[in-house]
Amino acid sequence: MAMAALNHVEYEILVVSVFDEPVTLSSETVLDAAGNELMWIDGAALAAGTQTLYAEAPSPIVPASAAVSVDLT
């Protein structure tokens with residue numbers, strides 16, 4: 001019996017803001033090396049996957065001069 005190969009890729013993106021005001025992420029697009037779209041996320045799914053680094057509170061908002069982690073699965 002042949003077994004199919006399963007691939008699972010998880011992306012963790014560090015978003016850093018250099019602005020002195022909060023920035024709201026509206027969507028994230030993951031591209032391959034050739035520029036083809038692999039994944040696109042927005043809305044509630046983006047907010048749920050975006051967390052501040054220390055408080056780990058889900059939010060699509062990057063605080064002023066701060067960083068957030070965006071987990072894409």
Side-chain angles (χ1 to χ4, degrees):
M1 173 193 287
M3 296 187 70
L6 299 176
N7 292 322
H8 175 82
V9 178
E10 185 170 326
Y11 299 93
E12 184 168 348
I13 301 168
L14 182 65
V15 179
V16 179
S17 173
V18 297
F19 297 103
D20 59 359
E21 296 289 328
V23 175
T24 301
L25 300 177
S26 59
S27 67
E28 288 281 340
T29 304
V30 178
L31 306 175
D32 67 11
N36 299 309
E37 184 177 306
L38 299 175
M39 175 183 228
W40 185 77
I41 187 172
D42 70 345
L46 178 60
T50 304
Q51 299 182 3
T52 56
L53 298 181
Y54 297 110
E56 297 180 1
S59 173
I61 298 173
V62 182
S65 299
V68 296
S69 170
V70 181
D71 296 323
L72 306 173
T73 58

Side-chain touch [X]/[Y], heavy atoms, less than 4.5 angstrom:
{"X": "Ile13", "Y": "Glu28", "result": "yes"}
{"X": "Ser59", "Y": "Val68", "result": "no"}
{"X": "Ile61", "Y": "Val23", "result": "no"}

From the list Ser27, Pro60, Ser26, side-chain contact (heavy atoms from CB on, under 4.5 Å) with Asp42 holds only for Ser27
Per side-chain contact (heavy atoms from CB on, under 4.5 Å), Met39 is matched among Leu31, Thr29, Leu72 by Leu72
message: Please determine whether side-chain hydrogen bond (donor to acceptor under 3.5 Å, both in side chains) holds for the pair Ser69 and Glu12, giving the CA-CA distance in whole Å, both sets of side-chain angles, and the decisive distance to 0.1 Å.
response: CA-CA 7 Å; Ser69 170; Glu12 184 168 348; 2.9 Å; yes
Under the criterion side chain to side chain contact (heavy atoms under 4.5 Å, CB included), I'd like the reasoning laid out for Leu53 against Leu14: C-alpha separation, chi angles, the key distance, then a yes or no. CA-CA 9 Å; Leu53 298 181; Leu14 182 65; 3.9 Å; yes
Note: Ala48 and Pro58 closest approach over all heavy atoms is O-CB, 4.0 Å
Is there a continuous path of hydrophobic side-chain contacts, each under 4.5 Å between heavy atoms, that joins Val30 to Trp40?
no
One should read off an interatomic distance between Ile41 CD1 and Leu25 CG, to the nearest 0.5 angstrom, of 10.5 Å
